[in-house]
Amino acid sequence: MATTKTGIAPMKVAQIPKPGADFEMVEREIPKPGAGDVRIKVQACGVCHSDVLTKEGQWPGIQYPRVPGHEVAGIIDEPGAGVSEWKVGQRVGVGWHGGQDNTCPSCRRGDFRNCRNLKIPGISYDGGYQQYMVAPVEALVAIPESLGDTEAAPLLCAGITTFNALRHSGAMPGDLVAVEGIGGLGHLGIQFANKFGYKVAAVGYGSESATLARELGAIVYIDSKATNAAQALQKLGGAKVILATAPSSKAMSELFDGLGPNGKLIVIGVTSDPIEVTPIQLITGSRSIQGWAAGTAADSEDTLRFAELSGVRPMIETYPLEKAPEAYARMMSGHAKFRVVLTM
């Protein structure tokens, strides 16, 4: 667990004092890294919808006050005792995967992504809505020099989630892959799917996203408000994969019949209501549903390197740390285009 021993100088922090409370802008002492940790001078931090888990106390066991933020880009300011492989001044990031216990059954099998006691920045320990943060070395991601801090930060959650889900989906170049939703996740999913060589269909609600979807790499745009999107996918041959990014179980349920034989609905958009699919829908065509979480620090590095080579970039809006409450409200409004990023 990352520690927060106090240092000697004040820093600015946007913290949540208790579940459901408004943000507080406060000053704290700069933390001192413990053994196996590093202190990061934060340069940018993405504002993700999952930060609502901290803001509203929706994750069991969060200790308050807590600083949200799990899309962090910065530089190593001070390594803790025993840290030799990471150097002062090195550009690093921290994503959703903020460390693992290395002892649970999943970790013992090398499946760190599904660690039973996964550490999450902004939940397990203070995240990136502050000028300095402490993180364990197993959470660190090396950032390529050609990627700016505000570009890299959203790729450490929204980016890795779409990239990792697609590359493990079983789809091959030339297969029809549909991306449901053209928002913070979807606009990256379309780009990655295009660069992977898929035949990309973007599915949105309304006609206003059609031009953008094609600019991002979709060969066809399906307006689910004006047409039956599942039938439209079947006319294209049926999707090998549908990447469901918009947090709407109703939309996911309605789109399921757009899958072709052996097709897979991969769910990465978070919502609490059930997806309604009948056994006959699953059995017919041997179709399936799979959820996908983000990935490890190594997966994040794969994401950043691929983005660097392919030109995939997030579309962002930036706010200074002092305006963290406004940035969070902008993200929650659903009107951001498409990722909100805090700068320090």
Below 3.5 Å, can you tabulate the donor-acceptor pairs from side chains in residues 225-233 to any protein atom, sequence neighbours excluded?
unit_1 : atom_1 : unit_2 : atom_2 : d
Asn228 : OD1    : Ala230 : N      : 3.1
Asn228 : OD1    : Gln231 : N      : 2.9

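Residues Phe23 and Ile62 fall within the same hydrophobic cluster, defined by Ile, Leu, Val, Met, Phe, Trp and Tyr side chains chained together at heavy-atom separations under 4.5 Å. In the hydrophobic clustering of ILVMFWY residues, with side-chain heavy atoms under 4.5 Å counting as a link, Leu155 and Ile120 come out apart.
In this structure, the ring of Phe163 has its center less than 6.0 angstrom from the ring center of Phe196.
In this structure, the side chains of Val270 and Pro247 stay at 4.5 Å or more apart for every pair of heavy atoms. A 4.5 Å side-chain heavy-atom check between Tyr125 and Pro136 finds at least one atom pair inside the cut-off. With contacts defined as side-chain heavy-atom distances shorter than 4.5 Å, the pair Val94/Ile40 qualifies. Side-chain contact between Glu145 and Arg91: present, with at least one pair of heavy atoms (C-beta onward) separated by less than 4.5 Å. Using a 4.5 Å cut-off on side-chain heavy atoms (C-beta onward), Arg214 and Tyr221 make contact. You'll find the side chain of Ser106 stays beyond 4.5 Å of the side chain of Cys115, heavy atoms only. Side-chain contact between Val42 and Tyr132: absent, with no pair of heavy atoms (C-beta onward) separated by less than 4.5 Å. Using a 4.5 Å heavy-atom threshold, the side chains of Ile289 and Val277 count as touching.
A side-chain donor-acceptor contact under 3.5 Å links Asp51 to the backbone of Cys48. Listed for the Gln90 side chain is a donor-acceptor partner under 3.5 Å among the backbone atoms of Lys87. Put simply, the side chain of Thr162 gets close to the backbone of Gly159: a donor and an acceptor are under 3.5 Å apart. Side-chain atoms of Arg39 come within 3.5 Å of backbone atoms of Pro31 as a donor-acceptor pair (strictly under, hydrogens ignored).
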Just do the side chain to side chain contact (heavy atoms under 4.5 Å, CB included) check on Ile123 and Arg66 with the steps written out, would you? CA-CA 7 Å; Ile123 293 177; Arg66 179 60 79 218; over 6 Å; no
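Side-chain contact, Gln234 with Asp257: no donor N or O sits under 3.5 Å from an acceptor N or O.
Ile160 and Thr296 make their closest contact through CD1-O, 3.7 Å (heavy atoms, listed as atom of the first residue, atom of the second, distance).
Judged by the 6.0 Å distance and 45° axis criteria, Arg113 is not positioned over the aromatic ring of Trp96.
Note that CD1 of Ile283 and OG of Ser288 are 13.0 Å apart. Values are rounded to the nearest 0.5 Å. The distance from the CE atom of Met133 to the CG atom of Asp77 is 13.0 Å, given to the nearest 0.5 Å. Rounded to the nearest 0.5 Å, atoms CG (Asn102) and CG (Asn117) are 11.0 Å apart.
Salt-bridge formation is not detected for the pair Lys250/Asp273: no Lys NZ or Arg NE/NH1/NH2 atom is positioned less than 4.0 Å from an Asp or Glu carboxylate oxygen.
The side chain to side chain donor-acceptor pair (under 3.5 Å) analysis of residues 306-327, with sequence neighbours excluded, yields the pairs Lys12-Glu322, Ser146-Glu308, Glu317-Arg330. Applying the side chain to side chain donor-acceptor pair (under 3.5 Å) rule to pairs touching residues 170-195 yields nothing, sequence neighbours excluded.
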